[in-house]
Amino acid sequence: ERKREIGDCEQLELDIKLRILLENVKSRPWVRITHFVQDERKEGGRYIVSEGKLKKLRLAEADLVLEDGEEISLVQVADIESVLFQDIYF
């Protein structure tokens, strides 16, 4: 599978979600992140879903770190879900 390009509206939605997460990261909110993982042996990759408590949002490194230590590059993120967004309509 190829990584799909994110449109302007989707990027704006992600930016808003990341801003909300940045404001609430100390509370370690539960997140569900859909992101692209590059295949190491061939062109392309696949989308996977990672879930857990958000430990860090590192802007300098451009990644998210879950409580279990998983690091997810922001450029690979396709969507983020959290209860923090339940009252927001995109």
Side-chain angles (χ1 to χ4, degrees):
E1 181 175 5
R2 297 190 119 163
K3 182 180 175 193
R4 65 181 189 270
E5 293 295 319
I6 292 179
D8 291 340
C9 290
E10 291 172 305
Q11 187 61 55
L12 180 60
E13 183 178 323
L14 276 175
D15 290 346
I16 292 168
K17 289 178 176 181
L18 288 169
R19 195 171 319 124
I20 292 168
L21 289 176
L22 188 59
E23 292 170 359
N24 292 279
V25 71
K26 288 183 181 178
S27 68
R28 297 210 172 177
W30 187 268
V31 292
R32 179 181 168 99
I33 303 168
T34 303
H35 58 103
F36 187 77
V37 177
Q38 185 70 41
D39 190 305
E40 294 179 14
R41 293 175 290 197
K42 61 180 170 112
E43 189 175 320
R46 64 190 173 103
Y47 282 91
I48 65 169
V49 176
S50 298
E51 294 184 72
K53 289 186 175 184
L54 180 63
K55 183 177 180 181
K56 297 178 187 174
L57 198 168
R58 303 184 299 196
L59 297 179
E61 292 87 349
D63 68 3
L64 299 153
V65 181
L66 300 182
E67 201 169 59
D68 66 3
E70 181 177 4
E71 297 178 5
I72 302 167
S73 170
L74 292 177
V75 297
Q76 303 300 345
V77 172
D79 190 31
I80 306 171
E81 298 173 53
S82 174
V83 295
L84 295 173
F85 315 140
Q86 67 186 7
D87 294 331
I88 300 171
Y89 301 97
F90 295 99

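Computed over heavy atoms, backbone and side chain alike; hydrogens, waters and symmetry mates excluded.
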Pair up each side-chain donor or acceptor in residues 3-10 with any protein partner under 3.5 Å, not counting sequence neighbours, and list the distances.
| unit_1 | atom_1 | unit_2 | atom_2 | d |
| --- | --- | --- | --- | --- |
| Lys3 | NZ | Val75 | O | 2.5 |
| Lys3 | NZ | Gln76 | OE1 | 3.4 |
| Glu10 | OE1 | Gly7 | N | 3.0 |

Indicate if Ile20 and Leu22 have the same hydrophobic cluster label, given that clusters are the connected sets of ILVMFWY residues with side-chain heavy-atom separations under 4.5 angstrom.
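Cluster IDs for Ile20 and Leu22 match.
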Taking the side chain from Asn24 and the backbone from Ser27, do they hold a donor-acceptor pair closer than 3.5 Å?
no
Which pair of heavy atoms, one from Leu21 and one from Val31, lies closest together, and at what distance?
CD2-CG1, 3.8 Å
Write down the atom of Arg2, the atom of Phe36, and the distance for their closest heavy-atom approach.
C-CE1, 3.8 Å
Ionic contact status for Glu51 with Arg32, cut-off 4.0 Å:
yes
Qualifying residue for side chain to side chain donor-acceptor pair (under 3.5 Å) with Glu67, from Lys53, Arg28, Lys55:
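The side chain to side chain donor-acceptor pair (under 3.5 Å) with Glu67 is passed solely by Arg28 among Lys53, Arg28, Lys55.
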Path from Leu57 to Ile16 over hydrophobic side-chain contacts below 4.5 Å
yes
Could you state whether Ile33 and Ile48 fall into the same hydrophobic cluster, counting links through intermediate Ile, Leu, Val, Met, Phe, Trp or Tyr residues with side-chain heavy atoms under 4.5 angstrom apart?
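Each belongs to a different hydrophobic cluster.
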Give a yes or no on this: more than 12 heavy atoms of other residues, nucleotides or ligands lie within 6.0 Å of atom CZ of Arg58.
yes
Taking the side chain as C-beta and beyond, is there a heavy-atom pair between Leu18 and Leu64 under 4.5 Å?
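In contact.
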Before accepting this row, confirm whether a basic side-chain N of the pair Glu71/Lys56 lies closer than 4.0 Å to the acidic partner's carboxylate O.
no
Sequence neighbours excluded and cut-off under 3.5 Å, please list the side-chain donor-acceptor pairs for residues 77-88, or say none.
| unit_1 | atom_1 | unit_2 | atom_2 | d |
| --- | --- | --- | --- | --- |
| Asp79 | OD1 | Lys17 | NZ | 3.0 |
| Ser82 | OG | Trp30 | O | 3.2 |
| Ser82 | OG | Leu84 | N | 3.2 |

Give the minimum heavy-atom separation between Leu66 and Ser50, together with the two atoms involved.
CD1-CB, 4.1 Å
